[in-house]
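Fair warning: this is a prediction, and the values are worked out from it, not measured in the lab. Indexing begins at 1, ligand by ligand and atom by atom, following the structure's order.
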Amino acid sequence: MKSIKNIYVIGNGPSSSHTMGPAFACDYILKNYKNIKDLQVFLFESLALTGKGHLTDRVINEKFEGINHEIIFDFKTKQEHPNTLIFKFNSEGQNHEIKVESIGGGSILIDGKDNCSFDECYKEGTLNEILSYCESKNLSLFDYIKEKESDDIYNFLEEVYKAMKEAINRGLSKEGVLPGKLKTKRKAKEIYDNYLKTKDNTFYVMASAFAVSEENADGQIIVTAPTCGSSGVIPAAINYLELKEVPHQKIIEGLGVAALIGNLIKNNASIAGAMCGCQAEIGAACSMASALITYAFGYCNKKIAQAAEIALEHSLGLTCDPIEGYVQIPCIERNAIFALKAINSYKLACAIGLESSKISFDNIVKTMYETGIDLRKEYKETSQKGMSKINDFYKS
Ligand code: SF4
């Protein structure tokens, strides 16, 4: 497995697979080919169906500003991966055709090859293998990460923490309406005001998740955790831990443990809504946040695995059906609800014995993947069914 750094990418929302991935693909073309002419960018399947709401066309237009280009939304041609782009162009007299797959969390494959610059750090490929390794060497999960990653891992996690906190603070201070035709009202501040009035921590957690998710929907800087659409869950968990006066270092280390969980899900299943539905995005974020909380409160490796398993188990089957393709409804509210679910998963794991746990984290990851593959494509970021078909929502 690659470095956990690939899970937390700091960049502009609203979508890691539909905005960041295509942006990185454009950067690749611009870096590797000179004097580009007659450029056509074809968007297929999920990218074609929800690309407008996810601002895919906007980011491509920005990247190729000054180059004559055309974006073609191909709604018919099937591809192996639902988030496929094809670039056709002429560079220095030669015609080129480059196929890019945006596989989630901002990662891309160029003509089937991994374009990611992250180091291969981990020999162990499942949580079971990692737990056995840690047991044999008496390591905590964060000790394990430290042993495998480069020395700058603390600094990296501090940067991630800072970007997450900045997104929360910006989001909590803003009011008004988010971009796009849904005219979705920002609500983070309203929920935060409720917290101030009632001192009910639940409102603080939800306000934090709303703040980041609204920043994401507005195309502002957030951190994929593990994706843009699910970027509000972990920051909300951080604010919960800070409310509970958990030491900063424990939170930073817990962020590392959460990324390890996300990395396992990404490697052994998927973190892309277009591949496996929202269970792969919000479900993964919930599992990661539950691991973060359990680690930060000082529990053992097996308890962390149990909490992460519970969170993912009860996210199974969650569909991705954003209205009009905007990462707003149901996405923003969902971040808040699943931040609370992450806290409850941690609490449940701590309330029951390890011996009563019959399902391993690795098994639930496999089940999530199989469920995701079996989900009809209409429920996988295509906005063709489910919530996305409620079309009277903005009339009232
Ligand atoms: S419904 Fe879930 S997976 Fe789909 S765009 Fe929203 S957050 Fe992402």
Test of ring centre spacing under 6.0 Å for F210 and F203:
no
Enumerated ligand 1 atoms positioned under 4.0 Å from heavy atoms of R334:
1 (S)
If we number the atoms of ligand 1 from 1 as shown, the ones under 4.0 Å from a heavy atom of G229 are 7 (S)
Geometric class of the F89/H96 ring pair [parallel <30°, tilted 30-60°, perpendicular >60°]
parallel
Under 30°, 30 to 60°, or over 60°: which ring-plane class applies to F297 and Y346, parallel, tilted or perpendicular?
parallel
Could you tell me whether D143 and K137 make a salt bridge, using a distance below 4.0 angstrom between a side-chain N and a carboxylate O?
no
Heteroatom N/O/S of C320 within less than 2.8 Å of atom 2 (Fe) of ligand 1:
no
Atom 6 (Fe) of ligand 1 sits nearest the protein heavy atom C331 SG, 2.3 Å
For atom 2 (Fe) of ligand 1, what's the nearest protein heavy atom and its distance?
C278 SG, 2.3 Å
If we count only N and O atoms by modelled type, under 3.5 Å, do the side chains of H54 and S17 hold a donor and an acceptor together?
no
Nearest heavy atom to atom 8 (Fe) of ligand 1: which of Q279, E281, H18, M275 does it belong to?
E281
